[in-house]
2 protein chains.
Amino acid sequence: MKVTRSDVAKAAGVAPATVSYVLNNSRQISEKTRKKVMDAVNELNYQPDLIARGLVTNQTMQLALILSDIGNPFYGEIARAFEQSALEKGYFVSICSGEGNLNHYLENLVRRHVDGAVIIANPTHYQMENVKKLVDNDIKVVISGNQVPDQIASIENDYISGMEQALTHLSEYGHRRIAYFSCFGNQSRYDTRIDGFISAAEKLGLHQSDILLVEGKPPYHSDLETGKEMAQEIIRRGMPVTAAVCTNDLMAMGAIQEFHQAGIKVPEDISIIGCDDIMLASAMIPALTTIGIDKEKLGRGAFALLYRQIKSGEIKHEKVTVELKVRSTTSKPAVR
Amino acid sequence: MKVTRSDVAKAAGVAPATVSYVLNNSRQISEKTRKKVMDAVNELNYQPDLIARGLVTNQTMQLALILSDIGNPFYGEIARAFEQSALEKGYFVSICSGEGNLNHYLENLVRRHVDGAVIIANPTHYQMENVKKLVDNDIKVVISGNQVPDQIASIENDYISGMEQALTHLSEYGHRRIAYFSCFGNQSRYDTRIDGFISAAEKLGLHQSDILLVEGKPPYHSDLETGKEMAQEIIRRGMPVTAAVCTNDLMAMGAIQEFHQAGIKVPEDISIIGCDDIMLASAMIPALTTIGIDKEKLGRGAFALLYRQIKSGEIKHEKVTVELKVRSTTSKPAVR
DNA sequence: TTGAAAGCGCTAACAT
DNA sequence: ATGTTAGCGCTTTCAA
């Protein structure tokens, strides 16, 4: 049978409220009473019911982490970091994934009284309007990977710098004709990667006709399959580029595999750069050159931002630095 | 401001309870009243508060998925499948990961009144005793990857068959000296992989002195690093085997990388077999030969088992078939 | 320093 | 067919 506060009160010979007071440290309590209560608590192994508490305090000590796809190791690694730091502060985290249904989740959060939510997801998978509803219901929100209004906290990777590092690296090797494999539409301004790619290309003096933007299609997946399809497109077009930068590592890996199967060598025939630096990027052979995202920092940073907002209401916008990891899928282009 | 049941009742001109009755379909209601209520509900966009409801029904429509490491794509893919099917039935899922702290989580679950929990984790990361506490508190439980008492439902992969398939495959290629890289201790009986390996080796008539069990060390991680270390050990011992089967793909990938760096070719010099068939196993080059686990089936099956138990109390033990995926990290051993 | 009592938003047993 | 009422287990205001 479940032990309640009343059981403890009875055992300790005090009023039920007193038990709450000592457990929450919300009142001066005599040493004697405190001891009586604590003894009973330990004896009965009493743990306050969080649902009941939540009903009155409107605090559930529960956070939601909303992700495009928990099966993607990139999100998995972020989730690990986020969860770890949330746990340290006593929060429970619900991970909400499942591509199409993100809106459904958002509605659920207010009914469940979560204290806060972090959204790290493809912007095409949810509506900002629904996020506003969270805010209206006093649920604190932190977003990554979208254009957000000032009133919503955010944490973003510095993709502009990342793309510049990537293109500079390729340029130094002598690449002039470079593709970008985007999981978004070319007109999308959600993501700064495309802009970063374009402006870096300009800065390096690449001809506009030499850069090739391969765009994604709804529902804008960013997985192995997407990368394969884009590689196929490059092959179909007769290999008009000597290098390609991809939206993420999964797409890069898919592309590499596709090229490999077509007998096109990476990096000899085409250099490939990914983005994210998932754990396996460095383990594959050849090791993937990629724009390294600090997933630990992103996950922990997102929590810190959320926590701060819950505690003090402060809304901040943070930027996380990224660093190109030069490995073995890039090299000088073959002379011809 | 939050809209409550009373607001709806007032707007519809009925008693608060009536609102509950129509929403829950728990009583005969005249069409007229039903319409009045539903109109008010839609007008005000009322959503019953799940915390309040949970307090009285003791049902939270919330499930916990307890995983060793959500950063490991194997678990990520399972989580995706589990979450998907839970969502279809209206459940919310909290993913609890973070290696050392699993016990901490288990305690939390009863305070949060989750309706059920699925544990797919390294048995060394939690105590069965704590699981019993869940059961005592009427939280339904399904476990995978551990030895469970009959009263606890389970879903297991048929590793025995998997190992037999793997060793038969190697044997057909002519391998006689084979290692097993375990993330567990050799004495561990949690996991059927070791047993499966040993009995398959016997069945195939391999000499006991030809098989080499490399065992893990506390805290029994099963990641890239572990695989690397074990590969080093094989190298240090002068390559006494021509093939190795690993506890999971991550370890296999780590091992392959380590061998590669030492100038030992896979599969020419040593054949490697993984286990899990994570998404990237087929994408890497060379593609990984691995014991394929049906993660979709495992995740969905775990939910189905849990759901059934919640609805009818029925406790079942299920076995999921596995299938060796022969790819490119295995070949005939070099003659010498 | 402690106790009593109201109420969080809901369900369900009891009345009408 | 509908309304009234008693809790669920807790926090917190008000009283002593």
Side-chain angles (χ1 to χ4, degrees), chain A residues 1-38 40-41 44-62 90 108-115 137-138, chain B residues 1-38 40-41 44-62 90 108-115 137-138:
Chain A
M1 196 45 212
K2 196 169 163 35
V3 19
T4 77
R5 196 187 50 151
S6 303
D7 299 330
V8 176
K10 209 172 295 171
V14 300
T18 304
V19 177
S20 293
Y21 286 124
V22 347
L23 253 30
N24 299 336
N25 256 308
S26 45
R27 192 190 247 185
Q28 286 283 11
I29 297 281
S30 71
E31 251 337 295
K32 213 181 74 195
T33 309
R34 159 162 278 122
K35 185 173 170 356
K36 276 195 301 186
V37 170
M38 287 314 292
V41 164
L44 301 175
N45 191 22
Y46 168 68
Q47 308 247 74
D49 184 314
L50 262 20
I51 299 290
R53 176 183 285 174
L55 186 58
V56 20
T57 60
N58 259 321
Q59 285 217 128
T60 51
M61 291 303 280
Q62 186 155 10
N108 229 287
L109 299 187
V110 351
R111 303 182 61 184
R112 292 198 180 271
H113 285 248
V114 301
D115 295 344
N137 281 277
D138 202 34
Chain B
M1 196 43 211
K2 193 166 165 38
V3 19
T4 77
R5 197 185 50 150
S6 302
D7 300 329
V8 176
K10 208 172 294 170
V14 299
T18 303
V19 177
S20 294
Y21 286 124
V22 344
L23 254 29
N24 299 337
N25 256 307
S26 44
R27 192 191 249 187
Q28 285 283 11
I29 297 282
S30 72
E31 252 334 298
K32 214 181 74 195
T33 310
R34 159 162 278 121
K35 185 174 171 355
K36 276 196 302 187
V37 170
M38 287 313 293
V41 164
L44 301 175
N45 191 22
Y46 168 69
Q47 310 247 72
D49 184 315
L50 261 21
I51 299 291
R53 176 183 286 174
L55 185 58
V56 23
T57 60
N58 257 321
Q59 286 216 129
T60 50
M61 290 302 281
Q62 187 155 9
N108 230 287
L109 299 187
V110 351
R111 303 181 62 185
R112 293 197 179 272
H113 284 246
V114 300
D115 295 344
N137 282 278
D138 202 35

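Throughout, a chain's letter reflects where its sequence line sits, starting with A, and its residues are numbered from 1. Worth saying up front: this structure is predicted, and the values here are computed from it rather than measured.
- At a threshold of 4.0 angstrom between heavy atoms, the contacts of B:Thr18 are confined to the sugar-phosphate backbone, with no base atom among them.
- Within 4.0 Å of A:Ala15, counting heavy atoms only, lie sugar-phosphate atoms of the nucleic acid but no base atom.
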When you look at B:Val22 and B:Arg27, which way does the side chain to side chain contact (heavy atoms under 4.5 Å, CB included) test go after all the steps?
CA-CA 7 Å; B:Val22 344; B:Arg27 192 191 249 187; over 6 Å; no
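- Taking the nucleotide of DNA chain D with the nearest heavy atom to each of A:Leu50 and B:Gly13, the more 5' of the two is matched to B:Gly13.
- The CG-P distance, from B:Asn58 to C:dC10, rounds to 17 Å in whole Å.
- Protein atom NZ of A:Lys10 is 13 Å distant from nucleotide atom P of C:dA4, rounded to whole Å.
- Closest heavy-atom contact between B:Asp49 and A:Arg111: OD1-O, 3.8 Å.
- In this structure, B:Arg112 contributes its side chain and A:Thr60 its backbone to a donor-acceptor pair below 3.5 Å.
- Rounded to an integer number of Å, the gap from B:Ile51 CD1 to C:dC10 C1' is 12 Å.
- For the pair A:Asn24 and A:Arg53, the minimum side-chain heavy-atom distance is below 4.5 Å.
- Using a 4.0 Å heavy-atom cutoff across all strands shown, B:Thr57 reaches sugar-phosphate atoms only and no base atom.
- Per the geometry, CG belonging to B:Leu55 stands 12 Å off P belonging to C:dC10, to the nearest Å.
- DNA chain D lies under 4.0 Å from at least one heavy atom of each of the following residues of residues 23-34 of chain B: B:Arg27, B:Gln28, B:Ile29, B:Ser30, B:Thr33.
- The distance from atom CE of A:Met61 to atom P of D:dC10 is 17 Å, rounded to the nearest whole Å.
- No side-chain heavy atom of A:Asn137 sits under 4.5 Å from any side-chain heavy atom of A:Leu109.
- Within the 4.5 Å cutoff, side-chain heavy atoms of B:Lys36 are placed close to those of B:Val14.
- Minimum atom distance to the side chain of A:Ala17 is reached by D:dT12, of the listed C:dC10, D:dT4, D:dT12.
- One atom, CZ of A:Arg112, and another, P of C:dG9, lie 18 Å apart when rounded to the nearest Å.
- In this structure, B:Pro48 reaches the sugar-phosphate backbone alone: every heavy-atom distance under 4.0 Å involves primed, P, OP1 or OP2 atoms, never a base.
- Rounded to a whole Å, the OH atom of A:Tyr21 is 20 Å from the P atom of D:dG9.
- Atom NZ of A:Lys2 has more than 12 heavy atoms from other residues, nucleotides or ligands within 6.0 Å.
- Here C:dA12 presents its C1' atom at 13 Å from CZ of B:Arg53, a figure rounded to the nearest Å.
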